[in-house]
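Heads up, the thing below is written out as structure tokens.
Values reported hereafter were calculated over all heavy atoms of this structure, with side chains retained and with hydrogens, waters and symmetry mates removed. So that the names make sense, note that chain A is the first sequence line, chain B the second, and so on, each numbered from 1.
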Amino acid sequence: MERKTIAEALRDGLREEMTRDERVFCIGEDIAIPGGWGGAFTVTLGLEKEFPERMINTPISEAGLFGAALGAAMMGMHPVADVQYGDFLLCAMDQIVDQIAKMRYMSGGRIKVPITMRAPVGATGRGAQHAQNLESIFFSVPGIKIVCPATAYDAKGLLKAAIRDENPVLIFEHKLLYGSKGARAESGAVDASSEIPEQDYIVPIGKGVVRREGTDVTVIGTLMMMHRALQAAEQLAGEGISVEVIDPRSLVPFDWELVEASVRKTGRAVVVEEGPRRGGVGAEIAAELAERVSDYLTAPVKRVASPDIPVPFSPPMEDFYRPDAARIVEAVRKIVS
Amino acid sequence: MSQDAKFLLSLYRTMLLIRQFEERVKFLFLEGSMPGTIHQYQGQEAVATGVCAALNAGDVITSTHRPHGHAIARGVGVEPMMHELFGKVTGCCHGKGGSMHIGDLEKGMVPAIAIVGGNVPIATGIALAFKMRKEKRVAVSFMGDGAINEGAFHEAVNMGAIWSLPVVYVIENNLYSASTPIAQTVKLKHLSDRSAGYGIPGVTVDGNDVLAVFEAAKTAVARARAGEGPTLLECVTYRITGHSRRDPCHYQPEAERKQALLKEPIGRFAKHLMAAGIAGQTALDGIRREVDAEIEASVKSAMAAADPKPEDALNDVFA
Ligand SMILES: Cc1ncc(C[n+]2csc(CCOP(=O)(O)OP(=O)(O)O)c2C)c(N)n1
Ligand SMILES: [Mg+2]
């Protein structure tokens with residue numbers, strides 16, 4: 001066992017999968033430049049030396065590179081396509097939403113599309129176009145699996161599962177959780193490192209995990225919001241409120257079994273997400289809970305999310321934008337009394 | 001002093017203002033007093049300065065993730081820019097934009113666009129409005145060499161061409177898109193050769209020679225204003241600072257960096273001014289003191305200015 005950051009764990013995962021399977025390759029911007037950064041957050045650092053033929057460094061052409069990944073995947077390759085910031089997925093929207101997500105279906109199930117897509121999210125002092133949490137936009141697109149690792153262990157395990165999956169899988173990664181080092185270190189970063197086993201493992205897509213057991217209320221959140229939920233749970237424990245924190249890890253498919261079981265037990269739920277509230281992932285989870293476990297709910301399901309605004313630049317406004325532990329605590333207090 | 005000499009010194013002053021602004025901002029950023037992230041313009045000053053010197057008051061530019069030089073050259077003003085970088089409510093975008101979205105439409109600059117290639121169609125649309133309203137105004141899109149490989153570039157330049165719009169597409173070829181060298185992103189020797197694919201003129205100039213940039217821009221802007229359509233203007237230059245933040249630029253060969261420093265535009269233009277007898281060292285030093293004082297005043301006032309209220313974040317979503 002060795003302790004690794006998310007950036008390191010993802011790098012190891014890519015290396016191991018490329019070693020295991022010749023069909024796996026990476027395609028993206030600035031991912032394979034000697035003396036460069038290994039993508040925007042150091043994940044692919046040095047891999048171009050080990051796999052010179054399979055680290056495809058592209059021009060700034062997102063529609064092109066996601067389309068190329070699709071073409072290669074249909075021919076039996078297993079591409080890992082990344083954008084430097086999740087926001088740039090929008091430049092490749094046609095290829096992702098209209099082509100990648102639909103190709104198998106349109107072919108009547110005759111074509112496989114084993115693509116892994118990686119996208120960093122999170123508001124980090126960069127203004128409105130390098131900041132968005134776009135989970136909810138892709139969440140509503142049939143045909144794409146979505147995973148959101150909050151720890152290094154999960155990042156590696158989910159990446160490997162995604163690469164081995166025969167379907168498009170979109171991995172959202174959080175800029176403040178990477179643990180990127182050197183010139184690419186982020187201020188405000190949170191430690192998400194884990195002990196990583198020596199032996200090969202995957203984290204199955206669609207399986208969540210209980211991060212902290214509790215009896216009064218279930219708090220559900222991924223990525224940074226999982227860490228904020230744990231902070232909130234710790235604080236609330238001091239007030240005598242017992243919080244169960246659930247990290248779904250995957251958004252599509254979603255581990256309803258785990259979440260339902262927890263909410264049946266606690267009777268209360270708070271759903272947290274970093275993206276905007278309207279039409280959010282939290283809205284969907286809350287609606288599903290209302291249908292699935294209404295008999296068990298002793299209070300209305302609460303949502304904690306960002307306001308429906310673009311991400312502002314100035315730190316006081318950005319802090320106001322992004323949900324934090326205090327807002328989760330407040331939401332819990334409102335339904336546990 | 002002749003009009004000509006005055007003009008040349010104003011070019012020098014603008015370039016130096018950009019350089020000193022960027023150096024000051026870099027220091028503030030690295031010492032941790034300035035929030036956010038930055039992409040800086042050191043080494044490319046002649047491009048923004050030369051192009052903007054060819055524009056009239058009503059003309060409009062669009063810019064990129066690396067916008068400080070464009071903003072200064074367009075006259076957005078050091079003070080509202082500095083306030084914006086500090087995230088102050090008195091900044092040119094009231095603290096909502098930050099470094100990558102700096103601008104002021106009243107001064108002729110659309111808030112900068114940090115999606116590579118994203119600003120090019122917007123400049124086409126600005127020019128379309130000018131043409132539809134028969135206004136003798138010109139749009140300029142600044143972009144990096146990396147932007148020409150986005151589909152948005154292709155769509156936008158083609159529309160500018162077929163509709164003969166009053167727009168100039170300026171490629172600042174600094175030989176890298178982020179860390180990726182130009183040889184890995186295009187097969188062309190001159191990026192302006194792309195113009196042939198659109199049926200418009202393409203020109204490549206030394207982007208570190210402010211007068212060469214100015215002359216080429218003047219021709220392109222005059223052509224646009226006369227209703228003859230767009231020009232693709234490539235200015236070859238070099239970024240002598242990191243791509244962003246604390247980038248140590250290990251992907252730039254040492255020898256190439258050294259060469260580039262010898263060719264950087266400000267020292268070069270200073271030599272020209274002195275050799276031509278337009279200004280002596282004392283005069284140039286005087287300009288430097290003026291410029292530094294202006295920047296220092298902006299830092300002081302920015303640091304003293306009020307932060308936005310957190311809930312100001314909720315304003316400005318809709319008109
Ligand atoms: C659509 C999009 N893709 C990727 C990026 C990340 N990115 C920011 S700057 C940059 C390089 C831009 O190169 P170039 O256009 O040559 O401009 P320069 O940085 O050299 O000024 C990249 C890849 C981005 N901002 N937008
Ligand atoms: Mg460039």
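For B:E31, the CD atom counts as densely surrounded, since its 6.0 Å shell holds more than 12 non-hydrogen atoms of other residues, nucleotides or ligands. No more than 12 heavy atoms of other residues, nucleotides or ligands sit less than 6.0 Å from atom NE2 of B:H94. In B:R246, the CZ atom is crowded: over 12 heavy atoms of neighbouring residues, nucleotides or ligands sit closer than 6.0 Å.
Chosen from B:G91, B:G97, B:G151, the residue pairing most often with chain A at heavy-atom distances under 4.5 Å is B:G97. Counting heavy-atom pairs closer than 4.5 Å to chain A, the top-ranked of the candidates B:E84, B:H65, B:H101, B:K88 is B:H101. Put simply, of B:D307, B:D312, B:L314, the one with the most heavy-atom pairs under 4.5 Å next to chain A is B:L314. Of the residues considered (A:T58, A:T124, A:I309, A:D308), A:I309 shows the highest number of contacts with chain B, using heavy-atom pairs under 4.5 Å.
For the 3.5 Å distance criterion, the side chains of A:N57 and B:T180 qualify, holding a donor opposite an acceptor.
Rounded to the nearest 0.5 angstrom, A:I60 CD1 and B:F153 CZ are separated by 12.5 Å. In this structure, A:R126 CZ and B:S99 OG are separated by 11.5 Å, a value rounded to the nearest 0.5 Å.
Taking each heavy atom of A:R184 and B:S244 in turn, the nearest pair found is NH1-OG, 3.5 Å. Annotation for A:P312 and B:A313: closest pair CG-CB, 4.0 Å, computed over non-hydrogen atoms. Minimum interatomic distance between B:V317 and A:P310 (heavy atoms only, all atoms of both residues): CG2-CD, 4.1 Å. The nearest pair of heavy atoms linking B:P308 to A:P316 is O-CB, 3.9 Å. For the pair B:D247 and A:W37, the tightest heavy-atom approach, listed with the atom from each and the gap, is OD1-NE1, 3.2 Å. The two atoms that bring A:Q129 and B:I113 nearest to each other are OE1-C, 3.8 Å, heavy atoms only.
For the pair A:D30 and B:Y251, the minimum side-chain heavy-atom distance is 4.5 Å or more. At a threshold of 4.5 Å between non-hydrogen side-chain atoms, the residues A:D319 and B:P310 do not count as touching.
Heavy-atom distances place no part of A:Y321 under 4.5 Å from chain B, backbone and side chain included. Contact annotation for A:P34: only backbone heavy atoms (N, CA, C, O) come within less than 4.5 Å of a heavy atom of chain B. With a threshold of 4.5 angstrom between heavy atoms, B:E311 approaches chain A through its backbone and through its side chain. With a threshold of 4.5 angstrom between heavy atoms, A:Q84 does not approach chain B through any atom at all. If you measure heavy-atom distances from A:A185 to chain B, the contacts under 4.5 Å come from the backbone alone.
The main-chain N or O of B:G87 is found under 3.5 Å from a side-chain atom of A:S314 such that the two form a donor-acceptor pair. The backbone N or O of B:N149 sits less than 3.5 Å from a side-chain atom of A:S61, completing a donor-acceptor pair.
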* Asked: Run the salt bridge (Lys or Arg N to Asp or Glu O under 4.0 Å) check on B:R245 and A:E186 step by step: do they pass?
  -> CA-CA 11 Å; B:R245 303 203 295 165; A:E186 288 287 304; 3.1 Å; yes
